[in-house]
Participant: 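The structure is given below, and queries will be raised subsequently.
From a predicted model like this one, the values you see are computed outputs, not experimental measurements. Counting starts at 1 for both ligands and their atoms, in listed order.
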Amino acid sequence: MGEHKFKTMGEQAGRRSWAEPWKIKMVEPLRMTTRAEREHAIREAGYNTFLLRSADVYIDLLTDSGTSAMSDRQWAGMMLGDEAYAGSVNFYHLEEAVQAFYGYKYLVPTHQGRGAEHLISQAGIKKGQYVPGNMYFTTTRLHQEMAGGIFTDVIIDEAHDPQSLHPFKGNIDLQKLEDLFRAKGPENVAYVSLAGTVNMAGGQPVSMENVKALRELCDRYGVKLYLDATRMVENAYFIQQREDGYGSTPVATILKEFCSYTDGAWMSGKKDHLVNIGGWLAVNDWNLFEELRNLVVVYEGLHTYGGLAGRDMEAMAIGIRESVSDDHIRARVGQVQYLGQLLTDWEIPIVQPVGGHAIFVDARRFYPHIPQDEFPAQMLAAQLYLDSGIRSMERGIVSAGRDPLTGEHRHPRLELTRLTIPRRVYTEAHMDVVAESINEVYKERKNTRGLKMIYEPHYLRFFQARFEPL
Ligand SMILES: *Cc1c(COP(=O)(O)O)cnc(C)c1O
């Protein structure tokens, strides 16, 4: 009798085991363009997909930031915006949601993630202090450097290898971190800057085992541990799927346990929280909170709105609850994995294992004949747009910027083109179109040359740089 295992109808029919846990109530028509229109548009944009007009884009995979579809509940919440200058009802809803699902004590809302990064960097870093982290993120590192910090990468080596199948490529190398504590002295380390599902490594998660060990190491040296929680829900899902002992633990429980090993977190609500704008900073230490609550008034707005409208805080509070549901996150990551599997089957070089929010095409292996100084990942993004109107972005030498000391290009090992999947926005038919277009560009790869940079802004150059084909 014991052989009867329950099977869903989908399994019995040999079909998929999940589908989107929502149905579509409103649609936004897409515009398709001709090749001639796209050639004109990309030239006008200086071969930088950030400078394209969205009206000229068919499937927009530039970023998953602020591009989510909100639910009917979130839209209903927008109507309940309490636009009082101080003490808005919606602030208290947001505070309750962060306390309930992330577990931190004190909340400071900010207009988006970098607003929170600015505050924690200003409050937590003294000039000349080291800030070790698991690979850099563009805005995070910039704010750390602008506060006088020296970012040091302490991620495990596997993270820099796009073909390594390590299940937790976001992990911190504890030996590298301890060596830094010893070499520089823990008093010269501002804090450890830990990010969930490391974006620049391809959306790679950190294990629970790693964060527990980190906590222990930081306690031993008296160093604080802060978390970039931007895509922590996706990280929690990977722990559920890959780490021993968590297979039947709800994602919400895993998220809260992970956060409990850290002293505070900053958040871009534009990612996990399913909203178009918003962010926050949350800490457990009252004294630090007082300082942050004071700083936010200078840069963002009063500490009960931080640059957000009441309605935006309400949408975020509701989005937090939706984001930690197992059904939601399984479908969200499932769609990314679906696209990744198509490309893997067609032997397109992408970062493996496929991460939680995006596909990262390995431009070094895609265009082995284009040297890194001729921006192969930037060119790949332009070629994809030319082929089909799909918008992606560069995550390689342009994003890495210049070394603040030497002024030279930083040459990251990873030269990637990112196709980021917005949450609850596109269907699997769109994913099929994307895979087919990448395949077309791949077939043409030998005829493609690199680019020359003709305009370079000083800060975060990837957003506004301009290029010309060689
Ligand atoms: C987007 C992002 C940020 C910055 O947040 P914004 O809301 O864009 O200002 C910080 N860290 C990570 C990992 C991100 O992906």
Participant: Would you give the length of the straight line joining atom CG of N134 to atom OG1 of T197, rounded to the nearest 0.5 angstrom?
Facilitator: 10.0 Å
Participant: How far is atom 7 (O) of ligand 1 from its nearest protein heavy atom, and which residue and atom is that?
Facilitator: S268 OG, 2.6 Å
Participant: Only heavy atoms count here, so choose which of E117, R141, K271 is nearest to atom 15 (O) of ligand 1.
Facilitator: K271
Participant: Could you check I359, N199, V361 and say which one makes a side chain to side chain contact (heavy atoms under 4.5 Å, CB included) with R418?
Facilitator: N199
Participant: What atoms in ligand 1 come closer than 4.0 Å to a heavy atom of G113?
Facilitator: 5 (O), 6 (P), 7 (O), 9 (O)
Participant: Would you mind running through ligand 1 and noting each atom that sits below 4.0 Å from a heavy atom of T139?
Facilitator: 3 (C), 4 (C), 10 (C)
Participant: Provide the number and element of each atom of ligand 1 under 4.0 Å from a heavy atom of K270.
Facilitator: 7 (O)
Participant: When you check the side-chain N and O atoms of E83 and S88, is any donor under 3.5 Å from an acceptor?
Facilitator: no
Participant: I'd like to know whether M431 forms a side chain to side chain contact (heavy atoms under 4.5 Å, CB included) with I421, so could you lay out the CA-CA distance, the side-chain angles of the two residues, the decisive distance to 0.1 Å, and finally the verdict.
Facilitator: CA-CA 9 Å; M431 296 302 112; I421 315 300; 3.9 Å; yes
Participant: Could an N or O of ligand 1 be found under 3.5 Å from any N or O of F137, whether backbone or side chain?
Facilitator: no
Participant: For atom 13 (C) of ligand 1, which of D64, T63, D228, N199 has the closest heavy atom?
Facilitator: D228
Participant: Picking from R73, H273, H328, R424, what satisfies side chain to side chain donor-acceptor pair (under 3.5 Å) with E322?
Facilitator: R424
Participant: Out of M135, H143, R114, H357, whose heavy atom sits nearest atom 9 (O) of ligand 1?
Facilitator: R114
Participant: With a 6.0 Å cut-off on the ring centroids, do W280 and Y102 count as close?
Facilitator: yes
